[in-house]
Amino acid sequence: MALVDLLSRGYFPKELPRPFVTGPFATLVTSTAQLPGDYLERARRGSKLRPAKVCRYSHARGGLLRRKLDICNPLHYYLLSKELISNWPSIANHISGTPLAATSPEFKNTGRAINGQWPRNAQSHLAQVSRLGRKYVLLTDISRFYHSIYTHSIPWAIHTKSVAKANRKFTLLGNKIDYWVRNGQDGQTIGIPIGPDTSLVLAELIMQRCDEALITKIPQVKGYRFIDDYELSFDTRTEAEDAFHVLETCLSDFELALNPKKTEVLELPLPLETSWATKLKLFSFRNTKSGQAADLESFINIAFSLHRENPGDSVLQFAVACLRSVNVNPSNWDLFQRLLLLCVVPNPASFPYVLEQIISRANTGAIPLKSELEEVTNNLIVNHSALKHSSEVANAAWACLALPSVTV
């Protein structure tokens, strides 16, 4: 793994539209002879690196829900990335995985520079394995996980709390990482940036210590963890409830807390995926012009109904993604676009998926509906820019870049 990969494919949050890239930045800072100075040595002498604030990116998740992502200062992200890459053999020993960790960080040749061992769509497979022979599951996650991570807990995870508290100097790797993280977010000790690949590494440094503590206290535990989301399976409800309290104690050692609103003990069997996802995946489309047109309308009607029944879920995003494999009859192309664009203004989180469909097909010669796209794009910019809704405006800009015929 090279530093250039982490800077080019692991800097911006994955939710940013495709035109927002950091490849040129990565090439520049890893190839120029005049790199930033040794700020760590300055810090040792008492001359601190001036902290920088992160840039907030407000990302639409569906309905009224949003997620605040972070774009780090380039100098501070470079320094943190350089520290991690330079000490990767030592760090790798602490994130090599536990029986519960589905998101152990791995270097990837394509896509994100660092990603979890298992993708989210592997959840069904992991559930099949972990639920086998068990009768109850404990489902829980951590309250405001990335926002609540205490940066000083990073050296605790690497060196143990007692060692880290006794030695606060830069001779400890954990203290250096803690320093770079804090300086990249205006000196704050609470929270780590949401979005860059470095944060997955930092999160797993801490969470795998929690996994180990839980397994030590409950050796028979089965289950998996995606970053901060746990599914643990047990023979009895009492075992599951006891495990909740044990896990709560393990997390408290790192100043983390479980989310009571998202914690429940359920009796098996349970569906391996949501019913709305199954229903959308099983829908089939005819190839004839009239048959496909009717099917497209029926599919979108079903998606709209499921969206209303499950307002907090990514129903429309999933529905639009399901259409990637549909070979749209040229006579139905305008209908196809209008049906997709009906999703956007009521649910802007679906816009990146809609754009992907239109852009990919336009690249093969299909003609976009200019006036309809302009209306939707202008609506998003006018209504969301004043609210500082970053993703709506950024995706509207993407539409204008990728489809030059669309103007604002």
Side-chain angles (χ1 to χ4, degrees), residues 91-108 112 114-146 148-150 153-154 156-158 160-161 192 197-273:
I91 294 171
N93 291 330
H94 297 279
I95 54 171
S96 57
T98 70
L100 300 178
T103 42
S104 294
E106 293 183 347
F107 293 132
K108 306 294 184 179
R112 300 300 296 188
I114 299 176
N115 217 332
Q117 177 185 7
W118 292 94
R120 274 287 183 177
N121 59 16
Q123 192 167 346
S124 174
H125 167 73
L126 296 176
Q128 294 171 38
V129 175
S130 65
R131 295 178 186 180
L132 191 64
R134 299 296 173 94
K135 193 173 180 180
Y136 293 90
V137 293
L138 167 64
L139 304 176
T140 189
D141 72 4
I142 297 173
S143 297
R144 292 175 52 81
F145 177 53
Y146 282 108
S148 63
I149 289 178
Y150 184 43
S153 68
I154 296 169
W156 299 354
I158 297 176
T160 74
K161 184 182 289 189
I192 63 174
D197 289 3
T198 51
S199 290
L200 174 62
V201 176
L202 303 179
E204 286 294 319
L205 279 170
I206 297 168
M207 293 307 301
Q208 291 193 24
R209 302 295 77 73
C210 297
D211 291 349
E212 291 167 353
L214 176 64
I215 293 169
T216 298
K217 295 178 180 179
I218 309 178
Q220 75 277 16
V221 66
K222 289 173 64 177
Y224 56 90
R225 173 184 55 78
F226 277 93
I227 306 180
D228 68 315
D229 292 328
Y230 279 96
E231 178 180 307
L232 306 175
S233 56
F234 302 91
D235 291 326
T236 67
R237 178 178 290 275
T238 299
E239 289 178 347
E241 292 171 350
D242 290 344
F244 167 79
H245 298 295
V246 171
L247 179 58
E248 194 172 40
T249 300
C250 297
L251 291 168
S252 68
D253 288 340
F254 292 91
E255 306 294 336
L256 297 170
L258 292 173
N259 185 348
K261 294 182 179 180
K262 293 187 177 181
T263 299
E264 54 186 344
V265 174
L266 300 174
E267 186 173 3
L268 295 171
L270 292 171
L272 294 172
E273 68 176 1

For [X] versus [Y], what's the shortest heavy-atom pair and its separation?
X: Ser130; Y: Ser233; result: O-OG, 2.6 Å
X: Tyr146; Y: Ala203; result: CE2-CB, 4.0 Å
X: Arg131; Y: Pro271; result: NH1-O, 3.6 Å
X: Tyr136; Y: Arg237; result: CD1-N, 3.4 Å
X: Ile215; Y: Pro99; result: CD1-CD, 3.6 Å
X: Asp235; Y: Gly133; result: OD1-O, 3.5 Å

request  = Fit a plane to each ring of Trp156 and Tyr150, take the angle between them on a 0 to 90° scale, and name the class: parallel (under 30°), tilted (30 to 60°) or perpendicular (over 60°).
outcome  =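 Taking Tyr150 first and then Trp156, their aromatic rings stand perpendicular (interplane angle over 60°).
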[Y] and [X], any side-chain heavy atoms less than 4.5 Å apart:
X: Val129; Y: Tyr224; result: no
X: Phe234; Y: Lys222; result: no
X: Ile114; Y: Lys108; result: no
X: Tyr230; Y: Leu139; result: no
X: Asn115; Y: Glu106; result: no
X: Leu138; Y: Thr263; result: yes
X: Leu202; Y: Ile149; result: no

Spacing of [X] atom [atom1] and [Y] atom [atom2] [to the nearest 0.5 Å]:
X: Leu132; Y: Arg134; atom1: CG; atom2: CZ; answer: 9.5 Å
X: Arg112; Y: Asp197; atom1: CZ; atom2: CG; answer: 4.0 Å
X: Ile227; Y: Ile142; atom1: CD1; atom2: CD1; answer: 10.5 Å
X: Glu231; Y: Thr140; atom1: CD; atom2: OG1; answer: 12.0 Å
X: Leu214; Y: Met207; atom1: CG; atom2: CE; answer: 9.5 Å
X: Leu247; Y: Leu232; atom1: CG; atom2: CG; answer: 6.5 Å

task = Could you give me the CA-CA distance, side-chain angles and deciding distance for Thr103 and Trp118, then say whether side-chain contact (heavy atoms from CB on, under 4.5 Å) is met?
result = CA-CA 6 Å; Thr103 42; Trp118 292 94; over 6 Å; no
ask   = Does the side chain of Ser148 pick up a donor-acceptor pair with the side chain of Glu255 at under 3.5 Å?
value =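 Checked: Ser148/Glu255 side chains show no N/O donor-acceptor pair below 3.5 Å.
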Tell me, please, which residues at least two apart from [X] pass side chain to side chain donor-acceptor pair (under 3.5 Å).
X: Glu212; value: Arg209
X: Arg120; value: Asp229
X: Asp228; value: none

query = Would Ile218 and Asp242 count as a side-chain contact (heavy atoms from CB on, under 4.5 Å) if you check the C-alpha gap in whole Å, the side-chain angles of each, and the deciding distance to 0.1 Å?
reply = CA-CA 10 Å; Ile218 309 178; Asp242 290 344; 5.9 Å; no
request  = Give the C-alpha distance, both sets of side-chain angles, the deciding distance and a yes or no for side-chain contact (heavy atoms from CB on, under 4.5 Å) between Leu205 and Ile158.
outcome  = CA-CA 7 Å; Leu205 279 170; Ile158 297 176; 4.1 Å; yes
request  = Would you confirm whether Thr249, through its side chain, and His245, through its main-chain N or O, come within 3.5 Å as a donor-acceptor pair?
outcome  =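 At least one qualifying donor-acceptor pair exists.
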message = For Lys217, is the NZ atom crowded, meaning more than 12 foreign heavy atoms sit under 6.0 Å from it?
response =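 Result for NZ/Lys217: enclosed.
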inquiry  = Any salt bridge linking Lys161 with Asp253? Criterion: basic side-chain nitrogen under 4.0 Å from a carboxylate oxygen.
reply    =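 No salt bridge links Lys161 with Asp253.
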task = Evaluate the side-chain contact (heavy atoms from CB on, under 4.5 Å) criterion for residues Lys135 and Thr236: first the C-alpha distance (whole Å), next the side-chain angles of each, then the deciding distance (0.1 Å), finally the verdict.
result = CA-CA 7 Å; Lys135 193 173 180 180; Thr236 67; over 6 Å; no
task = Dump the intermediate steps for side chain to side chain donor-acceptor pair (under 3.5 Å) on Ser104 and Glu204, then the final yes or no.
result = CA-CA 7 Å; Ser104 294; Glu204 286 294 319; 4.7 Å; no
